[in-house]
Amino acid sequence: QGMEQAVEKMTTLSRGAWELDALELDPDPLRLVLRLRGPADSLAARARRLRHDFGAEIFPKDEAASFWMARIETGVDSGRGTDGWGVVKCPLTPGTIVELEKDPEISALPRHYSMGGNVLWVSGAVEVIDAILKRQSLEGLIFKSSAGNPECLFLGIERKGLSARIKGALDPDNRFG
């Protein structure tokens with residue numbers, strides 16, 4: 001299965017009646033990861049249906065718990081402590097993932113797509129991430145940085161439209177970049 005098929009499957013899952021607690025796409029190695037929650041009796045039936053309809057692999061509870069805890073604790077923190085390093089959160093749509101993944105520089109960076117493909121988490125050199133986002137007409141927010149409090153929190157394209165109006169309302173004196 002390729003990236004296009006993975007994004008299609010993710011979109012189908014996010015629009016279905018699965019009541020997913022989390023839906024993520026890891027590009028390297030390519031895999032969809034989802035989490036279900038709910039009453040045990042309905043959970044088992046939903047898991048069986050996902051296995052049947054999508055070929056989902058079901059992990060034992062303890063293995064799944066370790067995966068999600070590691071994702072929460074480390075996310076995409078590779079390179080921590082390196083000068084110019086950062087973790088960046090980027091809003092996007094599932095429809096932009098395939099094109100973004102064709103960018104040769106993105107494939108070298110630790111990343112994953114979260115919230116059904118609506119958020120990209122990427123880490124690496126902030127300058128490189130900024131250049132990628134500009135090429136793809138995306139914007140991002142520095143979530144963590146080796147600089148502590150970076151001078152500018154936003155990367156990629158300049159904020160326009162709704163983003164600029166929200167920024168103007170929340171930070172009219174431009175104190176936060």
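Because the structure is a prediction, the values reported are computed rather than measured.
For Leu32 against Met10, the heavy-atom pair with the smallest separation is CD2-CB, 3.6 Å. Of all heavy-atom pairs spanning Gly116 and Pro94, the tightest one is O-CG, 3.4 Å. Here the shortest heavy-atom pairing between Thr93 and Asn118 reads CA-OD1, 4.1 Å.
Between the NZ atom of Lys9 and the CG atom of Leu34 there is a distance of 10.5 Å, given to the nearest 0.5 Å. The line from CD1 of Ile97 to CD of Glu4 is 12.0 Å long, rounded to the nearest 0.5 Å. Note that CD1 of Ile58 and CG of Leu50 are 6.5 Å apart. Values are rounded to the nearest 0.5 Å.
A continuous path of Ile, Leu, Val, Met, Phe, Trp and Tyr side chains, each step under 4.5 Å between heavy atoms, connects Leu30 with Val7, placing both in one hydrophobic cluster. Transitive grouping of hydrophobic side chains (ILVMFWY, heavy atoms separated by less than 4.5 Å) brings Leu43 and Phe54 into a common cluster.
Within a 6.0 Å sphere centred on CZ of Phe143, other residues, nucleotides and ligands contribute 12 heavy atoms or fewer. For Glu105, the CD atom is densely surrounded, since the number of other residues' heavy atoms within 6.0 Å is greater than 12.
Under the 4.5 Å side-chain criterion, counting only non-hydrogen atoms from C-beta, Val119 is not in contact with Leu92. In this structure, Leu100 and Tyr113 have side chains that are in contact, with non-hydrogen atoms separated by less than 4.5 Å. You'll find the side chain of Val87 stays beyond 4.5 Å of the side chain of Ile142, heavy atoms only. At a threshold of 4.5 Å between non-hydrogen side-chain atoms, the residues Leu109 and Ile132 count as touching. The side-chain heavy atoms of Val88 and Cys90, taken from C-beta on, include a pair separated by under 4.5 Å.
Glu101 has a carboxylate O that lies under 4.0 Å from a charged side-chain N of Arg111, or vice versa, which qualifies the two as a salt bridge.
Side-chain N or O atoms of Ser42 include none that pairs as donor or acceptor with a backbone N or O of Gly38 at under 3.5 Å. Looking only at distances, a side-chain donor or acceptor of Asp130 sits under 3.5 Å from a matching main-chain atom of Gly156.
Looking at residues two or more places apart in sequence or on another chain, you find a side-chain contact (heavy atoms from CB on, under 4.5 Å) between Gln5 and Gln1.
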Let's go through Arg135 and Asp103 carefully: what are the C-alpha distance in whole Å and the side-chain angles of both, what is the deciding distance for side-chain contact (heavy atoms from CB on, under 4.5 Å) to 0.1 Å, and is it a yes or a no? CA-CA 9 Å; Arg135 280 195 301 274; Asp103 190 301; 3.0 Å; yes
Using the rule given for side-chain contact (heavy atoms from CB on, under 4.5 Å), can you reason through Val122 versus Ile106, listing the C-alpha separation, both sets of side-chain angles and the distance that settles it, and then say yes or no? CA-CA 9 Å; Val122 58; Ile106 196 82; 4.2 Å; yes
Name every donor-acceptor pair, under 3.5 Å, that has one atom in a side chain of residues 16-27 and the other anywhere in the protein, sequence neighbours excluded.
| from | atom 1 | to | atom 2 | distance (Å) |
| --- | --- | --- | --- | --- |
| Asp21 | OD2 | Arg35 | NE | 2.6 |
| Asp21 | OD2 | Arg35 | NH2 | 3.0 |
| Asp21 | OD2 | Arg37 | NE | 2.8 |
| Glu24 | OE1 | Arg71 | NH1 | 2.3 |
| Glu24 | OE1 | His112 | NE2 | 3.3 |
| Glu24 | OE2 | Ser114 | OG | 2.9 |
| Asp26 | OD1 | Arg71 | NH1 | 3.4 |
| Asp26 | OD1 | Arg71 | NH2 | 2.8 |
| Asp26 | OD2 | Arg31 | NE | 3.1 |
| Asp26 | OD2 | Arg31 | NH2 | 3.2 |
| Asp26 | OD2 | Arg71 | NH2 | 2.8 |

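For the salt bridge (Lys or Arg N to Asp or Glu O under 4.0 Å) condition, the pairs that include at least one residue of residues 39-51, sequence neighbours left out, are Arg49-Asp53.
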